[in-house]
Novice: 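Pasting a structure here, questions to come.
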Amino acid sequence: MALNYKQLPYRTEWVEYPDIGKVGKEIGAKPTTPSPDGSGVLLWTCPMIVDPNRLDEEGKPTVLSDSPVIIKYLDEVYPEIKAIPDGTSAFHTVWLSFIGQNVTGKLAPLCVPLCPNILSPRGREYFVTTREKWWAPLDKMCPDRSKAWKDVQDGLQKVADALDANGKGHGENLRVISGATSYADFGLLGALLWAKSLVPEEEFNTLKSFNDGRWGKILDENAHLLRID
């Protein structure tokens, strides 16, 4: 989304779950996330970017991992269109945590058990083995989908209330910063896309309809950012 928003050309290379660590090491990306098993080992995660336009002191392309690190770099090196407007870094940190608690976290019990459905056999085996080792059997993560969706709806209501502080006319409550697209919007869009890619269509249509269809409108308003090149 950030690269589309900043109008920077790019090429996506897809990586299977079992290969994320291997690829991260090969390209020189830093691991980003402590293993959920409590060992303290850092794991590689996606996204990672390789910028051939900016060489390091050894003449190698710049390699970065972890979304906040990547977005900061992109705004510093390609500042013509900023994803985080000057003076809003602290606000973005708080907002993205808010989305994590009230949207992504609420969607997790509904989405995580369905992730194997869109993976290759090799990726599926790796995902199930690691996630069940870290957390719990996937088929036990969401014993009551109706309740889980009610939790999502409650979380989205909190987001809607916050957006309504911008006003309710002329699409003011469709963006976090009224009248401007920003990295804050990407957090919500990412959570909605995650659900769209995994849950049954009927369930996702229900999600889009919450709050008078606002979440569907937000996806439509930002369709130009959601392409993958």
Side-chain angles (χ1 to χ4, degrees), residues 1-4 8-52 60-71 73-74 96 99-100 103-145 148-149 152 186-205 207 219 223 225-229:
M1 276 183 272
L3 294 170
N4 289 336
L8 297 172
Y10 66 93
R11 184 183 78 251
T12 299
E13 293 193 13
W14 297 100
V15 180
E16 292 259 18
Y17 266 103
D19 300 327
I20 292 174
K22 175 175 175 287
V23 170
K25 291 178 185 178
E26 288 176 348
I27 67 175
K30 293 180 179 180
T32 61
T33 303
S35 173
D37 64 10
S39 65
V41 173
L42 291 177
L43 304 178
W44 281 263
T45 58
C46 291
M48 297 177 268
I49 68 165
V50 178
D51 185 356
K60 297 179 180 179
T62 297
V63 178
L64 295 164
S65 52
D66 198 19
S67 294
V69 174
I70 291 170
I71 202 72
Y73 167 84
L74 293 175
L96 292 171
I99 292 298
V103 185
T104 313
K106 305 289 187 184
L107 285 168
L110 290 154
C111 291
V112 171
L114 302 179
C115 286
N117 297 342
I118 63 171
L119 301 178
S120 70
R122 180 167 167 263
R124 185 182 308 123
E125 180 181 5
Y126 177 86
F127 186 93
V128 172
T129 300
T130 53
R131 273 58 184 176
E132 292 196 342
K133 177 182 176 182
W134 295 339
W135 301 323
L138 297 186
D139 61 2
K140 306 295 184 185
M141 286 187 68
C142 189
D144 188 338
R145 290 187 74 81
W149 275 116
V152 171
F186 302 165
L188 175 59
L189 286 166
L192 294 175
L193 283 178
W194 187 39
K196 182 180 180 181
S197 69
L198 291 166
V199 304
E201 183 177 2
E202 181 179 351
E203 290 186 348
F204 189 69
N205 287 337
L207 182 156
L219 285 170
L225 300 178
L226 307 182
R227 76 175 198 277
I228 298 174
D229 292 342

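Please read all numbers here as calculations on a predicted model, not as lab measurements. We number each residue from 1, following the sequence as shown.
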Novice: Roughly how far, to the nearest 0.5 Å, is the CG atom of Leu219 from the CG atom of Leu192?
Specialist: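 The distance works out to 5.0 Å.
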Novice: Main chain of Met48, side chain of Ser65: is a donor-acceptor contact present, judged purely on distance under 3.5 Å?
Specialist: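 Looks like no, no N/O pair under 3.5 Å.
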Novice: What's the shortest heavy-atom distance between Pro200 and Arg145, and which atoms?
Specialist: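 Scanning both residues completely, I find the closest heavy atoms to be CD-NH2, 4.2 Å.
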Novice: At what distance, to the nearest 0.5 angstrom, does CG of Leu64 lie from CD1 of Ile49?
Specialist: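 Those atoms lie 5.0 Å apart.
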Novice: Just jot down the salt bridge (charged side-chain N to carboxylate O under 4.0 Å, His left out) partners of Asp37, sequence neighbours excluded, or say none.
Specialist: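 By the salt bridge (charged side-chain N to carboxylate O under 4.0 Å, His left out) rule, Asp37 matches no residue at all.
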Novice: Please tabulate, for the side chains in residues 22-30, all donor-acceptor contacts under 3.5 angstrom to protein atoms that are two or more places apart in sequence or on a different chain.
Specialist:
residue, atom, partner, partner atom, Å
Lys22, NZ, Glu26, OE2, 3.0

Novice: Yes or no on side chain to side chain contact (heavy atoms under 4.5 Å, CB included) for Trp44 and Val15, after CA distance, side-chain angles and deciding distance?
Specialist: CA-CA 12 Å; Trp44 281 263; Val15 180; over 6 Å; no
Novice: In chain order, what residues pass the ring pair (Phe, Tyr, Trp, His ring centres under 6.0 Å) check against Phe127, with sequence neighbours excluded?
Specialist: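 For Phe127, the residues satisfying ring pair (Phe, Tyr, Trp, His ring centres under 6.0 Å) (neighbours in sequence not counted) are Tyr17.
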Novice: Looking only at heavy atoms, what is the nearest atom pair of Ala148 and Cys142, with distance?
Specialist: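 Closest approach of Ala148 to Cys142: CB-SG, 3.8 Å.
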Novice: Could you work out, with side chain to side chain contact (heavy atoms under 4.5 Å, CB included) as the rule, every residue matching Lys60, not counting sequence neighbours?
Specialist: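 Residues passing side chain to side chain contact (heavy atoms under 4.5 Å, CB included) with Lys60: Asp56, Glu58.
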Novice: Where is the tightest heavy-atom contact between Ala191 and Thr104, given as atom of each residue plus distance?
Specialist: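 Smallest interatomic distance, heavy atoms only, reads CB-OG1, 3.6 Å.
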Novice: Restricting to side chain to side chain donor-acceptor pair (under 3.5 Å), what partner residues turn up for Asn4, sequence neighbours left out?
Specialist: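 Partners of Asn4 by the side chain to side chain donor-acceptor pair (under 3.5 Å) criterion, ordered by chain and then number, come out as Tyr10, Arg227.
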Novice: Taking side chain to side chain contact (heavy atoms under 4.5 Å, CB included) as the test, write out the residues that go with Asp66, two or more places apart.
Specialist: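 By the side chain to side chain contact (heavy atoms under 4.5 Å, CB included) rule, Asp66 matches Thr32, Pro68, Val69.
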Novice: Which pair of non-hydrogen atoms, one from Pro113 and one from Pro116, has the smallest distance, and what is that distance?
Specialist: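 Shortest heavy-atom separation between Pro113 and Pro116 comes out as O-CD, 3.4 Å.
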Novice: Among residues at least two apart in sequence or on other chains, which ones pass salt bridge (charged side-chain N to carboxylate O under 4.0 Å, His left out) with Glu13?
Specialist: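 Glu13: salt bridge (charged side-chain N to carboxylate O under 4.0 Å, His left out) contacts with Arg11.
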Novice: So, using salt bridge (charged side-chain N to carboxylate O under 4.0 Å, His left out) as the criterion, who are the partners of Arg124 when residues are at least two apart?
Specialist: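 Partners of Arg124 by the salt bridge (charged side-chain N to carboxylate O under 4.0 Å, His left out) criterion come out as none, since no residue qualifies.
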Novice: Do other residues, nucleotides or ligands put more than 12 heavy atoms under 6.0 Å from Glu132 CD?
Specialist: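 Atom CD in Glu132 is crowded, with more than 12 foreign heavy atoms closer than 6.0 Å.
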Novice: What residues form a side chain to side chain donor-acceptor pair (under 3.5 Å) with Trp149, not counting sequence neighbours?
Specialist: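 Result, side chain to side chain donor-acceptor pair (under 3.5 Å) vs Trp149: Glu203.
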Novice: Holding to side chain to side chain contact (heavy atoms under 4.5 Å, CB included), I want the full list of residues that pass it with Cys111, two or more places apart in sequence or in another chain.
Specialist: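 Cys111 satisfies side chain to side chain contact (heavy atoms under 4.5 Å, CB included) with Leu107, Trp194, Ala195, Leu198, Val199 once adjacent residues are dropped.
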Novice: Might you point out which heavy atoms bring Pro18 and Gly123 nearest each other, and give the distance in Å?
Specialist: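 Between these two residues, the closest heavy atoms are CD-CA, 4.0 Å.
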Novice: Considering the options Leu110, Asn117, Ile118, Val112, which one meets the side-chain contact (heavy atoms from CB on, under 4.5 Å) requirement together with Leu114?
Specialist: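 Exactly one candidate clears the test, Asn117.
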Novice: Which heavy-atom pair separates Leu96 from Gly187 by the least distance, and what is that distance?
Specialist: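 So the minimum-distance heavy-atom pair works out to CD2-CA, 3.8 Å.
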Novice: From Ser197 OG over to Phe204 CZ, what is the distance, rounded to the nearest 0.5 angstrom?
Specialist: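 It comes to 9.0 Å.
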Novice: Please enumerate all residues that pass side chain to side chain contact (heavy atoms under 4.5 Å, CB included) together with Pro47, with sequence neighbours excluded.
Specialist: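 Pro47 satisfies side chain to side chain contact (heavy atoms under 4.5 Å, CB included) with Ser67, Ile70 once adjacent residues are dropped.
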Novice: Would you say Phe186 and Leu225 make side-chain contact, with heavy atoms under 4.5 Å?
Specialist: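 Of all side-chain heavy-atom pairs linking Leu225 with Phe186, at least one is under 4.5 Å.
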Novice: List for me each residue that meets salt bridge (charged side-chain N to carboxylate O under 4.0 Å, His left out) alongside Asp139, sequence neighbours excluded, and say none if there are none.
Specialist: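 None.
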Novice: Does a side-chain heavy-atom distance below 4.5 Å link Ile20 with Thr45?
Specialist: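 Not in contact.
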Novice: For residues Pro34 and Val41, determine if any side-chain heavy atom of one lies less than 4.5 Å from a side-chain heavy atom of the other.
Specialist: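 Side chain of Pro34 against side chain of Val41, heavy atoms only: no contact under 4.5 Å found.
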Novice: First locate atom CD of Glu202, then atom CG of Leu207, and finally report the distance between them rounded to the nearest 0.5 Å.
Specialist: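 Going from CD on Glu202 over to CG on Leu207, the span is 13.0 Å.
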Novice: Answer whether the closest heavy-atom distance between the side chains of Leu74 and Asp51 falls below 4.5 Å.
Specialist: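 Contact flag for Leu74/Asp51 side chains = no.
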Novice: Looking at CG of Leu189 and CD1 of Ile99, how far apart are the two atoms once the value is rounded to the nearest 0.5 Å?
Specialist: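 Here the interatomic distance stands at 9.5 Å.
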